[in-house]
Amino acid sequence: EGIRFLSEVSGLADGHGLPKDPSKARAVLEQACGELAGFACNSLGYLLEQGRLGPPDLAAAGAAYERGCASGHPKSCEDAQRLRGSPIPR
């Protein structure tokens, strides 16, 4: 279910299989992240960091990663640390 959701949102962000609509993709991910879906927060952070939802926004990406981390999503914690330049514990 989560993979399908992310694939559809990525399609909105990039225009693969759906009309390109980065603002709609961002709104969908922000809503899912707001409901503490860690994978959605991580995806939002990644797309913001990469500039696939508009100009790259590292501050917003970091906030999304942090929110995902707070919801217990380990990859979000790693990405938040990476973005801050902190060493990632192995």
Side-chain angles (χ1 to χ4, degrees):
E1 181 84 14
I3 299 292
R4 182 173 163 207
F5 166 79
L6 293 177
S7 177
E8 290 175 8
V9 171
S10 183
L12 282 172
D14 298 329
H16 297 290
L18 296 168
K20 187 174 182 173
D21 192 345
S23 60
K24 185 173 182 180
R26 184 175 182 157
V28 169
L29 284 171
E30 285 175 345
Q31 180 179 351
C33 180
E35 295 169 4
L36 291 179
F39 68 92
C41 294
N42 190 260
S43 296
L44 176 60
Y46 175 78
L47 293 174
L48 288 166
E49 183 179 357
Q50 297 299 311
R52 291 172 57 192
L53 298 176
D57 187 340
L58 299 183
Y65 290 143
E66 292 290 345
R67 187 161 194 150
C69 182
S71 75
H73 189 258
K75 177 74 171 121
S76 293
C77 298
E78 291 177 15
D79 288 336
Q81 287 182 309
R82 176 186 50 75
L83 201 59
R84 285 192 308 260
S86 303
I88 299 172
R90 300 282 176 195

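No experiment lies behind these values; they were computed from the predicted model shown.
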Test side-chain hydrogen bond (donor to acceptor under 3.5 Å, both in side chains) applied to S43 - qualifying residues, sequence neighbours left out: none
What are the two closest heavy atoms between [X] and [Y], and how far apart are they?
X	Y	answer
L12	P19	CD2-O, 3.8 Å
S71	G38	OG-CA, 3.2 Å
A25	A13	CB-N, 3.8 Å

Which pairs of donor and acceptor atoms, one on a side chain in residues 29-36, lie under 3.5 Å apart (sequence neighbours left out)?
from: E30; atom 1: OE2; to: R26; atom 2: NE; distance (Å): 2.8

Partner residues of D21 under the salt bridge (Lys or Arg N to Asp or Glu O under 4.0 Å) criterion, sequence neighbours left out: none
Without placing hydrogens or testing angles, list every side-chain donor-acceptor pair under 3.5 Å for residues 51-60, not counting sequence neighbours.
from: R52; atom 1: NE; to: D14; atom 2: OD1; distance (Å): 3.1
from: R52; atom 1: NE; to: D14; atom 2: OD2; distance (Å): 3.3
from: R52; atom 1: NH2; to: S10; atom 2: OG; distance (Å): 3.2
from: R52; atom 1: NH2; to: D14; atom 2: OD2; distance (Å): 2.2
from: D57; atom 1: OD1; to: A59; atom 2: N; distance (Å): 3.4
from: D57; atom 1: OD1; to: A60; atom 2: N; distance (Å): 3.0

Donor-acceptor under 3.5 Å (Y65 side chain, Y46 main chain): yes
Residue list, side-chain contact (heavy atoms from CB on, under 4.5 Å) with A64, at least two apart or on another chain: L44
Residue pairs, two or more places apart or on separate chains, that pass disulfide bond (SG atoms under 2.5 Å apart) and touch residues 46-75: C69-C77
